[in-house]
Amino acid sequence: MIPDEVRVRFAPSPTGFFHVGSARTALYNWLFARHHGGKFIIRIEDTDRTRYHPEALPDLLAGLRWLGLCWDEGPEVGGDCGPYHQSDRLDLYRHYAEHLVAGGVAYRCYCRPGRLTAMREKQRAAGLSPGYDRHCRHLTSKQVADYEAQGIKPVVRLAIPMAGVTEFDDFLRGHIVVENRQLDDQVILKSNGFPTYHLAVVVDDHLMGITHIMRGDEWLSSVPKRVLLYEAFGWTMPVLAHLPIILDPSGKGKLGKRKKKSADGQQTLIYIHEFRQAGYLPEALVNFLALVGWSYDGQTEFFTRDELVRYFDVSKVSKSPGAFSYDKLDHTNATYIRRLGANDLAGRLLRVLLRAGLAADFSTALRLVPLVRERLKTLDAVVPLVDFFFRQEISYDPAMLVQGKMGRGDTLAALRAAETTLRAIGTFDEEMLEGELRSLAEKLGLKAGQLFGCIRVACTGKKVSPPLFGTLSILGQEVVVRRLHDAVTRFASWAG
RNA sequence: GCCGCAUUCGUCUAGAGGCCCAGGACACCUCCCUCUCAAGGAGGAGAUCGGGGGUUCGAAUCCCCCAUGCGGUACCA
């Protein structure tokens with residue numbers, strides 16, 4: 001089952017941004033390769049010139065690198081089986097297509113697109129399965145000469161046997177049998193000289209020595225055509241495993257290629273660069289993605305990359321599609337954030353803060369870490385949580401200063417007392433602050449929460465903030481006193 | 001329409017004839033902790049294993065039928 005050297009590939013088509021569903025497929029291939037000490041190859045399937053998107057390839061490679069899915073052969077790294085762009089391998093496909101035509105397994109077809117659409121419409125109207133009517137399968141040499149004389153550029157079609165069955169084994173789904181009459185005489189070489197997917201993939205997988213193919217379920221029904229090609233070439237087919245697709249959070253449809261709102265109106269992220277920008281850790285995304293469709297023991301939820309490599313087993317991949325749960329991703333991400341070392345987290349947060357235009361520095365970021373670490377689902381979430389540390393002015397509705405069961409007079413008195421107390425305090429560390437403010441609350445006849453809430457709003461402009469004493473301590477006496485003073489004046493004029 | 005694949009708590013899944021009146025995780029609820037929000041701790045609710053037939057002493061696990069969902073049916077991948 002496992003040959004001397006395992007070679008797997010991830011073969012995306014550069015038609016759009018790197019999608020999280022593709023990323024999972026890439027991940028499984030990568031894990032499989034690493035698990036078996038084999039090679040992970042990237043091949044770019046750019047045979048559809050009409051759907052080609054120039055930003056797709058850079059986005060893909062950046063995404064793979066971000067996720068840590070390094071490849072052994074492929075774009076930018078080269079390898080012995082190149083080129084790794086199908087558009088650079090056109091001669092190869094033509095050669096093999098020609099070989100098939102010569103062997104009678106394929107034939108040239110001169111039908112024009114108009115005739116084909118009309119034919120399909122008629123078939124559909126008649127309640128038949130649409131399919132090529134094999135008009136050109138047995139042309140006389142005179143007919144061919146006529147078409148050629150008219151300058152029609154032919155396509156090459158695979159001549160599917162008229163009867164019998166094609167069978168194959170899928171590592172996950174078992175033995176599958178399809179009747180040949182269900183199969184169409186698929187185009188394998190387009191009139192522009194480009195191959196279609198079916199030919200290119202077979203030729204490349206063979207030439208590149210691919211031993212195992214793991215790809216999305218949507219390809220399962222095209223396998224018989226490939227079996228026929230392998231047979232025609234006399235090549236042995238790699239081991240196939242068709243992976244279940246990833247569904248959107250509702251579990252109803254495929255996680256879309258396009259950005260759309262989920263049922264609850266939340267923005268859903270689907271491209272890898274979006275997860276990156278939103279502050280997900282690549283290691284968390286990898287951990288999460290590994291578990292959509294695969295499980296180790298049904299118990300373990302967190303795996304280091306090495307553990308993933310060690311434990312990954314394709315035979316334990318689920319057969320049924322799974323919904324993408326953003327809640328679970330957030331949970332995984334939050335857990336990874338909590339486990340990060342302080343310096344590491346500080347560095348990552350610093351980048352986010354700077355990107356948000358806040359004048360942060362590393363040492364402040366490091367001091368912030370213990371205050372925010374347990375409160376972040378994503379790195380970006382740090383911005384609204386701590387922005388007040390880096391702003392000169394904060395703004396808020398003075399009404400927020402009034403805490404539950406407090407009147408305006410109480411509030412004003414509390415703010416004034418807090419200002420006085422904190423102005424007079426000697427050391428501005430957490431312990432001292434807590435002691436002073438607790439006794440102040442007592443003196444004022446307030447619950448600790450009431451006083452603290454009041455100060456919180458005055459100093460952060462928010463009802464929710466990191467723990468108060470740590471926050472005040474980092475803010476520093478000068479800023480805290482100033483903000484309390486501002487609060488007193490603002491509140492006085494607002495309460496009028 | 002035709003063909004193929006799939007179907008265990010809302011979601012991700014464990015489960016490969018008795019260990020399962022189905023286990024874990026997310027989400028949800030309650031309580032504890034508590035300066036807010038989190039995190040953490042302790043509990044709770046939630047699946048007659050899509051439905052119906054078999055096989056068997058015994059089925060979520062094997063077989064058949066049906067239903068539903070998804071995918072394919074392109075000079076797209």
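Each chain gets a letter, A, B and so on, in the order the sequences are listed, and its residues count up from 1.
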For this session: Counting Watson-Crick and G-U wobble pairs only, both distances under 3.5 Å, name the nucleotide matched with B/U11, or none.
Result: B/A25
Exercise. Does a nitrogen or oxygen in the side chain of A/Arg226 sit under 4.0 Å from OP1 or OP2 of B/G72?
Worked result: no
Exercise. Below 4.0 angstrom, N of the basic side chain to O of the carboxylate: do A/Asp184 and A/Arg157 qualify?
Worked result: no
Seminar exercise, completed: Rounded to whole Å, the CG-P distance (A/Leu158 to B/C75) equals 13 Å
Exercise. According to the Watson-Crick and G-U wobble definitions, with both distances under 3.5 Å, which nucleotide is paired to B/U68?
Worked result: B/A6
For this session: Look at atom CZ of A/Arg124 and say whether more than 12 heavy atoms of other residues, nucleotides or ligands are closer to it than 6.0 Å.
Result: no
Seminar exercise, completed: B/U30 -> Watson-Crick or G-U wobble partner, both distances under 3.5 Å, gives B/A42
Exercise. Got a donor-acceptor pair under 3.5 Å from the side chain of A/Arg375 to the base of B/C37?
Worked result: yes
Exercise. Starting at CG of A/Asp217 and ending at P of B/C3, how long is that distance when rounded to a whole Å?
Worked result: 19 Å
Distance-only check: which donor-acceptor pairs under 3.5 Å involve side-chain atoms of residues 285-298 of chain A, not counting sequence neighbours?
from     : atom 1 : to       : atom 2 : distance (Å)
A/Asn287 : OD1    : A/Phe303 : N      : 2.9
A/Asn287 : OD1    : A/Tyr336 : OH     : 2.5
A/Asn287 : ND2    : A/Glu301 : O      : 3.1
A/Trp294 : NE1    : A/Asp313 : O      : 3.3
A/Asp297 : OD1    : A/Gln299 : N      : 2.8
A/Asp297 : OD1    : A/Thr300 : N      : 2.7
A/Asp297 : OD1    : A/Thr300 : OG1    : 3.1
A/Asp297 : OD2    : A/Thr300 : OG1    : 2.8

For this session: Using a heavy-atom cut-off of under 4.0 Å over every strand shown, decide if A/Ala323 touches base, sugar-phosphate, or nothing.
Result: sugar-phosphate
For this session: Check the surroundings of atom NZ in A/Lys462: do more than 12 heavy atoms from other residues, nucleotides or ligands lie under 6.0 Å from it?
Result: yes
Exercise. What about A/Thr196, does its side chain sit under 3.5 Å from the base of B/C75 through a donor-acceptor pair?
Worked result: no
Exercise. What interatomic distance, in whole Å, is found between C1' of B/G40 and the corresponding atom of B/G52?
Worked result: 48 Å
Exercise. Ignoring hydrogens and angles, are the base of B/G72 and the side chain of A/Ser222 linked by a donor-acceptor pair under 3.5 Å?
Worked result: no
For this session: In whole angstrom, give me the gap between the C1' atoms of B/G58 and B/C21.
Result: 15 Å
Exercise. How many Å lie between NZ on A/Lys319 and P on B/G4, as a whole number?
Worked result: 17 Å
Exercise. Base, sugar-phosphate, or nothing for A/Gly453, non-hydrogen atoms under 4.0 angstrom?
Worked result: nothing
Problem set entry | N/O (side chain, A/Arg157) to phosphate O (OP1/OP2, B/C75) under 4.0 Å | yes
Seminar exercise, completed: 5'-most contact on RNA chain B (nearest-nucleotide basis), A/Ala448 vs A/His331, goes to A/His331
